[in-house]
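These notes are about the structure you will find just below.
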Amino acid sequence: MNQHDVKAILLNLQNKQYIESDITHTFSQNNAAVFSVKYLKGDESFEVIQIETNSLQRFNDVDSAVHCINTLIAK
């Protein structure tokens, strides 16, 4: 998955038609969930959670969230 694909996913989560929904996108490897991302409409931010460590990071803009996710994918 490249940077453009990740950005498209995040922009889709932020899309106005889904703004009243609570949608989480989970990234997996070998059928095991690795991390997830969701858009927090109240904060207008993205939340990235590493599932194994339960660590959470929030980003106020799409590009910062994309950078974090690409770093996690590269691990």
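Note that the structure is a prediction, hence the values are computed from the model and not measured.
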Those residues that, when tested against Asn70, pass side-chain hydrogen bond (donor to acceptor under 3.5 Å, both in side chains) (two or more places apart):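 Result, side-chain hydrogen bond (donor to acceptor under 3.5 Å, both in side chains) vs Asn70: none returned.
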Sorted by chain and number, sequence neighbours left out, side-chain hydrogen bond (donor to acceptor under 3.5 Å, both in side chains) with Thr24 holds for none
Would you mind reporting whether [Y] and [X] have side-chain heavy atoms less than 4.5 Å apart?
X	Y	result
Met1	Ile69	no
His67	Phe59	no
Val6	Ile73	yes

Steps toward side chain to side chain contact (heavy atoms under 4.5 Å, CB included) verdict (Phe27, Leu72): CA-CA 10 Å; Phe27 293 80; Leu72 292 171; over 6 Å; no
Do you know which two heavy atoms are closest between Phe35 and Gln50, and how far apart they sit? CB-CA, 3.9 Å
Of all heavy-atom pairs linking Tyr39 and Glu44, the shortest is OH-CA, 3.2 Å
For the atom pair [atom1] ([X]) and [atom2] ([Y]), what is the distance rounded to the nearest 0.5 Å?
X	Y	atom1	atom2	answer
Lys38	Ser21	NZ	OG	12.5 Å
Asp22	Leu40	CG	CG	8.0 Å
Ile9	Gln14	CD1	CD	14.0 Å

Hydrophobic cluster membership, Ile23 vs Ile49, 4.5 Å side-chain cutoff: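 No, Ile23 and Ile49 fall in different hydrophobic clusters.
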Do Leu13 and Ile51 sit in one hydrophobic cluster, given that two such residues count as connected whenever their side-chain heavy atoms are within less than 4.5 Å of each other, even indirectly?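 No.
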Has Asn30 got a side-chain atom pairing as donor or acceptor with Ala32's backbone, closer than 3.5 angstrom? no
